[in-house]
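Structure first, commentary second.
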Amino acid sequence: MENREHFGTLTERMHSFREELLNTEASIDATRAVLATQAYQEHADKPLLVKRAFMLKNILENMPIFIEPQTLLAGNQAKKNRAAPVFPEYAMDWVIKELDEFELRDGDVFQIDDETKEELKSIAPYWYHNTTLDKGLAMIPPESRIFYDLGIIKAEGNITSGDAHIAVDYGKIMRKGLRYYEQRTLQEKRKLDMTDPDSISKYHFYEAILIVIAAVQAFAKRYAELALAQAEAAQGKRKQELQKMSQILDRVPYEPAENFHEAIQSMWLVHLVLQIESNGHSLSYGRMDQYLYPYVKHDLDMRVLQEDQAVELLTNLWLKTFTINKVRSWSHTQFSAGSPLYQNVTIGGQTQDGKDAVNMLSFLILKSVAQTRLPQPNLTVRYHRNLSAAFMDEAIEVVKLGTGMPAFNSDEVIIPSFMEKGVGKEDAYNYSAIGCVETAVPGKWGYRCTGMSFLNFPKTLLIAMNAGVDPASRVKLVKGLTHFCEMTSYAQLQEAWDITIREFTRHSVIIENCCDLVLEQDVPDVLCSALTEDCIGRGKTIKEGGVVYDFISGLQVGIANLADSLAAVKKLVFEEQKITANQLWDALMDDFTSPEHKAIQQMLISNAPKYGNDDDYVDQLIVDAYDVYINEVKKYPNTRYGRGPIGGTRYAGTSSISANVGQGKGTLATPDGRNAATPLAEGCSPSHGMDKNGPTAVFKTVSKLPTHEITGGVLLNQKMTPQMLSSEENKQKLEMMIRTFFNRLDGYHVQYNVVSRDTLLDAQKHPQKHRDLIVRVAGYSAFFNVLSRQTQDDIIERTEQTL
């Protein structure tokens, strides 16, 4: 209770708004799907970019809008809050197949009424064999498609929804308004030489930008008129608020923002429309404490705004952010449990000249997030060695609340890693977190700085051991390998891993390229491209190479399982010869069910070194194995390479969200003693219960990974009980430990679940008593009660650290 009082409480109306949202069931809304289909049919003859622009225009002109009685900010994604729109241009087959299952899911439940079902069924025929998913899967060559179908390489999210994984430059939008982008587009359009064939596509891109900017302006005017109409029926303070809201929406986001309230409204409406245009998750706010600071400082200095009013506007923004929702197929949901949107806000860090960037707004954002206590936004603190002690202390106070926020990303690794890859110094110092723990430069970086595909490392090892044959499906995927039972040395297993992971990496690149190409050819995002440099200057969308920087990464799942498996095989089979290769393989295929095989399982768990304990034996094995992947993936440029951006290459990433559960389901027993179909280790965190030597040992293990090369994110989850942080002494210990991890050990990222096992178990038994319980799932937080039982169990089983 003391910790909650430290930050104060929500204002009465924001508390009312929060309660209303928490009592609102997630649902499915067909409105966008119907309006998008109408536009595609009406403008079928137009160039794709223009058709996409008219689609967004039709949606913004005709979707229902409303203004909640508690809010100071206008803008809704669907016909009601927490309703998830359907995006038919990406995928419809799974939507129709699962219409009667949304309400029956084990987790991420969505309500859907009969009218909505009929609306979706009525438009489905138009999209038959006509969606991004259909075209994307058809584009993948059969020899690579088998990896997708077997679940070894998962990329469903890439072609069933928009891209996102990006932050536009909201600061620039506030300072200049959409009018600036409109004027620049007109200038570039006038300069075109239409006899140049390249100018034709540029002309249509510019035409599309002008359509969507006008549509956004008209969308804001709709809210301005609604606010004014509501003001006529209102009285007192609310009448004045609605009149002010109307005046604000008459100006922004088309005109530059002139004060803090206008700046937040401008940002929110653009953020919202980007979600309506394309429902890709991880659309992030960037370094909010930097670009919003001049507005709040000016208003406070001029005494036209009080600090408590500023905090209320921020809490209002977080509540509106929480209204956005997304529905995924059930198979994709297992990779993103909890319906996360990963809308990241970054605070702290350094200025472009290397000074501590913490300011008064940094503290207010912490305070507002603490008051709101929601899984959105996803809050990240940028750490550096000179970070304000007072700010670090306040960040830990927020950690103590148990929402899994803020996460900490380290400037000490990320900035040099960016600069090593060609990012300019000023831009590198201006990076922000995107989605989970991945990072990019707001307004200058393309889509998918991570999340291109998921590659299952433990399953890859099993296939390498099985002479290149998937033991689950019995499909041969790699030629020229010896079966594990015929191997006489660990070096032979290393060689098999080397060959297999390189082959799988090659196929992951093929699948990713197919996804990128179909997105480029089928569903370009006009508004998002216009707001990202320098798409307007180049006359290209993001997918065509319009951005300044374009680096991407896939995600590698099961790092710790691979480490522990390699250590068990090397030590127990080849060095100590306590288990024969045949015995181990038979035990794996039997899933350790017989008494003999259970004994082998216990040996694998108890008698081999484990990742997470600062043991060089096992830690070096995973570094060696991971290096093979890292060196291989560097070879393959992405589809924008040589088309304009700096980079155009790939790197590694471990931010596997909840894919450890989904990919674990499809993985047989592994040599670390893990049973078939159980979750893999998440991120780069140790396997459950295997880290016996405390959090410092975990830090040392993780720091041995080549963090400068894993620029897609090195996700480390830690868990401790609230009691552990109840004393000032332990709080200071945690701060010192984090500083040491980042300052001396090259740590990339860490985040904390502060919740007891007993609380989680009670929440499973009595969910009604724990409606507000938030947990850190992976690189994001979610309400515990909305998660599937298996994801809940996975979180419960994580090691509780002591200080």
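Just so you know, these numbers use all the heavy atoms, side chains as well, and skip hydrogens, waters and symmetry mates.
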Of all heavy-atom pairs linking L680 and P458, the shortest is CD2-CG, 3.9 Å

Decide if the gap between the ring center of F699 and the ring center of F741 is smaller than 6.0 angstrom.
yes

_Electrostatic pair E394-K367, nearest N-O below 4.0 angstrom_ = no

Aromatic ring pairing F363/F391, orientation class (parallel under 30°, perpendicular over 60°, tilted between): perpendicular

Distance col, row L379:CG vs Q751:CD, nearest 0.5 angstrom, shows 11.5 Å

Notebook entry, point to check: Are E68 and K80 close enough, and set up right, to give a salt bridge (Lys or Arg N to Asp or Glu O under 4.0 Å), and what steps lead you there?
Noted result: CA-CA 10 Å; E68 302 92 343; K80 59 183 179 180; over 6 Å; no

Sequence neighbours excluded, the answer for side chain to side chain donor-acceptor pair (under 3.5 Å) partners of D29 is T31

Query raised in the report: Is it true that R18 and D772 have a side-chain N and a carboxylate O under 4.0 angstrom from each other?
Result: yes

Distance col, row L745:CG vs M737:CE, nearest 0.5 angstrom, shows 11.0 Å

Taken in chain and number order and not counting sequence neighbours, the residues that satisfy salt bridge (Lys or Arg N to Asp or Glu O under 4.0 Å) with D163 are R448, K543

Value for OG (S368) from CG (L361), rounded to nearest 0.5 Å, stands at 8.0 Å

Going through the checks in order, is the side chain to side chain contact (heavy atoms under 4.5 Å, CB included) test met by D794 and I796? CA-CA 6 Å; D794 179 54; I796 290 169; over 6 Å; no

Between H271 and Y285, does the ring centroid distance fall short of 6.0 Å? yes

Separation between CD (Q663) and CG (L555), nearest 0.5 Å, reads 9.5 Å

Heavy-atom nearest pair, T450 first then S553, reads OG1-OG, 2.7 Å

Under 3.5 Å, is there a donor on one side chain and an acceptor on the other for Q601 and N675? yes

Between the CG atom in D393 and the CG atom in L387, the distance rounded to the nearest 0.5 Å is 11.0 Å

Got a sec: does the NE2 of H15 have more than 12 other heavy atoms crowding it under 6.0 Å? no

Check your understanding: In terms of side-chain heavy atoms, does S161 have a donor or acceptor partner in K326 at a distance below 3.5 Å?
Key -> yes

Check: Are the charged groups of E98 and R328 less than 4.0 angstrom apart, N to O?
Finding: no

ring-ring contact (aromatic ring centres under 6.0 Å, His included) assessment of F742 paired with Y383
CA-CA 8 Å; F742 290 142; Y383 174 88; 5.1 Å; yes

Using the rule given for salt bridge (Lys or Arg N to Asp or Glu O under 4.0 Å), can you reason through D614 versus K704, listing the C-alpha separation, both sets of side-chain angles and the distance that settles it, and then say yes or no?
CA-CA 9 Å; D614 188 26; K704 296 171 192 174; 2.8 Å; yes

Worksheet item: If you measure from the Lys or Arg side-chain nitrogens to the Asp or Glu carboxylate oxygens, is any gap between K154 and E156 under 4.0 Å?
Response: yes

Checking side-chain hydrogen bond (donor to acceptor under 3.5 Å, both in side chains) for the pair N23/R82: CA distance, chi angles, key distance, verdict? CA-CA 10 Å; N23 288 327; R82 302 294 296 151; over 6 Å; no

Practice prompt. Begin with the C-alpha distance, continue with both residues' side-chain angles, and end with the deciding distance and a verdict on side-chain hydrogen bond (donor to acceptor under 3.5 Å, both in side chains) for Q376 and Y342.
Written response: CA-CA 7 Å; Q376 294 290 321; Y342 317 95; over 6 Å; no

| query | Salt bridge between K610 and D672, side-chain N to carboxylate O under 4.0 Å? | reply | no

For A782 and A337, the nearest pair of non-hydrogen atoms, with its separation, is CB-O, 4.5 Å

Residue set satisfying salt bridge (Lys or Arg N to Asp or Glu O under 4.0 Å) with D758, at least two apart, ordered chain then number -> none

For side-chain hydrogen bond (donor to acceptor under 3.5 Å, both in side chains), just list the numbers for N344 and S432, CA-CA rounded to whole Å, side-chain angles, deciding distance to a tenth of an Å, and then say yes or no.
CA-CA 9 Å; N344 210 309; S432 73; over 6 Å; no

Looking only at heavy atoms, the pair that brings L705 and C684 closest together is CD1-CB, 4.0 Å

Could you check whether S788 and D108, counting side-chain N and O atoms only, form a donor-acceptor pair closer than 3.5 Å? no

Discussion item. Strictly distance-based, threshold 3.5 Å: is any side-chain N or O of Y748 a donor or acceptor partner for the main-chain N or O of T711?
Written reply: yes

**Q.** Residue E728 excluded, over 12 heavy atoms near CD under 6.0 Å
**A.** yes

- Task: Report yes or no: do Q77 and N325 form a side-chain donor-acceptor pair below 3.5 Å?
- Result: no

To the nearest 0.5 Å, atom CD1 of I434 lies from atom OG1 of T439 at 8.0 Å

